[in-house]
Number of protein chains: 2
Amino acid sequence: MLSNACKYAIRALIYLATRMNDGVKVSIRELSAEIDSPEPFTAKIMQSLSKQEIISSVKGPHGGFYIDEKQAEIRLIEIVKAIDGTQVLTGCGLGLKNCSETHPCPIHSEFSAIRDGFSHLLNEKTIQELAIELIAGHSKVKN
Amino acid sequence: MLSNACKYAIRALIYLATRMNDGVKVSIRELSAEIDSPEPFTAKIMQSLSKQEIISSVKGPHGGFYIDEKQAEIRLIEIVKAIDGTQVLTGCGLGLKNCSETHPCPIHSEFSAIRDGFSHLLNEKTIQELAIELIAGHSKVKN
DNA sequence: AGAATAAAAGACATGTTTATCTTAATTTAT
DNA sequence: ATAAATTAAGATAAACATGTCTTTTATTCT
């Protein structure tokens, strides 16, 4: 469904949101340990998100990644778009390029419902509300 | 969601089912033209399905691929399992290896519903019933 | 100012999926 | 029997995703 890169990104952002108000930046080492992901690969992903201003970063001693209050309000769908693009949200279930109501693949309507349900889920959830659940101990972002 | 290989496989099987009773085998050339897929790659996929006895084949002149009545009754989920495995049907939405009710990722229950809906769709549809819709002109397996 | 720290950037490596090509094996028709 | 047609099998290649390493740049602390 989502690429590994995108899964790491979502887990990372939710974790960063839990640390939003402690005034401390999170180093890539700590971050990848907290979400159980390969460190240099996670760094790449974070750089991309930082360039797209989905997260913030500062270099140097006591530097690291963090998100501000505005950034905590973004929804999962924005992260997915930033990393994986929109194919997963709009593509045909059987790979037809021009699948549509008037030119449907054999599972067009049923698959559209599933895919739209997924889009809806991504569109509903903000990073912040998922972080609150994580802080409360009701969910996990690492194995 | 599904790999390209799996999408080609499903389209190919539905097409083969539409040709089930005309007593003629379908060559890989004709098949890949009918479903708009790369010929040698499709051949590989068909070989794998043939070895797993999901489809049948005969070599030589007037040979090709076909499915019998029993094979037309299989459900999409069997094709998915044969090509892509079960990860798409059971895996965690955020990639946690041991995500579960008692150790849930932040979107565990919502994602499970989506994934189970997809499994249900794959489990409902037989090749044969999708072929009937294709014959009737109500759906397409090529662009 | 200089040293230490940490992200940014880009090169490099590995693995998987997708795709192609070549040769072999099998079957049918002449 | 021989030739033609067609799948089977395996080697090769290209593209993409994933993962690692090294160098550069920016910041902070002493």
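Each chain gets a letter, A, B and so on, in the order its sequence line appears, and its residues count up from 1. Bear in mind the structure is a predicted one, so any value in this text is a computation, not a measurement. What you see below is based on every heavy atom in this structure, not just the backbone, and it leaves out hydrogens, waters and symmetry mates.
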Is any side-chain nitrogen or oxygen of [X] closer than 4.0 Å to OP1 or OP2 of [N]?
{"X": "B:Ser27", "N": "D:dA5", "value": "no"}
{"X": "B:His62", "N": "D:dA5", "value": "no"}
{"X": "B:Tyr8", "N": "C:dA19", "value": "yes"}

Closer than 3.5 angstrom, by distance alone: can the side chain of A:Gln71 be matched with the main-chain N or O of A:Asp68 as a donor-acceptor pair?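 Side chain of A:Gln71 to backbone of A:Asp68, a donor-acceptor pair under 3.5 Å: yes, one is there.
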
Please check: side-chain N/O of B:Ser112 versus main-chain N/O of B:His108, any donor-acceptor pairing under 3.5 Å?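 A pair under 3.5 Å: yes.
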
Atom [atom1] of [X] to atom [atom2] of [N]: distance rounded to whole Å?
{"X": "B:Phe41", "N": "D:dG10", "atom1": "CZ", "atom2": "P", "answer": "18 Å"}
{"X": "B:Ile45", "N": "C:dT20", "atom1": "CD1", "atom2": "P", "answer": "11 Å"}
{"X": "A:Asn4", "N": "D:dG19", "atom1": "CG", "atom2": "C1'", "answer": "10 Å"}
{"X": "A:Lys25", "N": "C:dA8", "atom1": "NZ", "atom2": "C1'", "answer": "17 Å"}
{"X": "A:Ile28", "N": "D:dA26", "atom1": "CD1", "atom2": "C1'", "answer": "17 Å"}
{"X": "A:Ile83", "N": "D:dC16", "atom1": "CD1", "atom2": "C1'", "answer": "16 Å"}
{"X": "A:Arg29", "N": "C:dA8", "atom1": "CZ", "atom2": "C1'", "answer": "17 Å"}
{"X": "B:Ile55", "N": "D:dT7", "atom1": "CD1", "atom2": "C1'", "answer": "10 Å"}

Would you give the length of the straight line joining atom CG of B:Leu31 to atom CD of B:Glu39, rounded to the nearest 0.5 angstrom?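 Nearest 0.5 Å value for the CG-CD distance: 9.5 Å.
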
Once you round to the nearest 0.5 Å, how far does SG of B:Cys92 lie from CG of A:Leu2?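 These two atoms lie 10.0 Å from each other.
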
Among [options], which nucleotide sits nearest the side chain of [X]?
{"X": "B:Pro38", "options": "C:dT18, D:dA9, C:dA19", "value": "C:dA19"}
{"X": "B:Phe65", "options": "C:dA8, C:dT18, D:dT7", "value": "D:dT7"}
{"X": "B:Ser3", "options": "C:dT18, C:dA8, D:dT18", "value": "C:dT18"}
{"X": "A:Lys59", "options": "D:dT18, D:dT25, C:dA9", "value": "D:dT25"}

When the nearest nucleotide of DNA chain D is assigned to B:Gly64 and to A:Asp84 on a heavy-atom basis, which residue is associated with the more 5' position?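 Upstream on the strand: B:Gly64.
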
Let me spell it out: for each of A:Pro40 and A:Pro61, pick the nucleotide of DNA chain D with the closest heavy atom. Which residue's pick is nearer the 5' end?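 Final value for this comparison: A:Pro40.
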
More 5' along DNA chain C: A:Gly60 or A:Ser50, using each one's nearest nucleotide?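 Between the two, 5'-proximity favours A:Gly60.
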
Please work out if B:Lys44 contacts a base, only the sugar-phosphate, or nothing of the nucleic acid, heavy-atom cut-off 4.0 Å.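 Base contact.
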
When you check the gap from the basic side-chain N to the acidic O, do A:Arg19 and A:Glu30 get nearer than 4.0 Å?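 Salt bridge: yes.
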
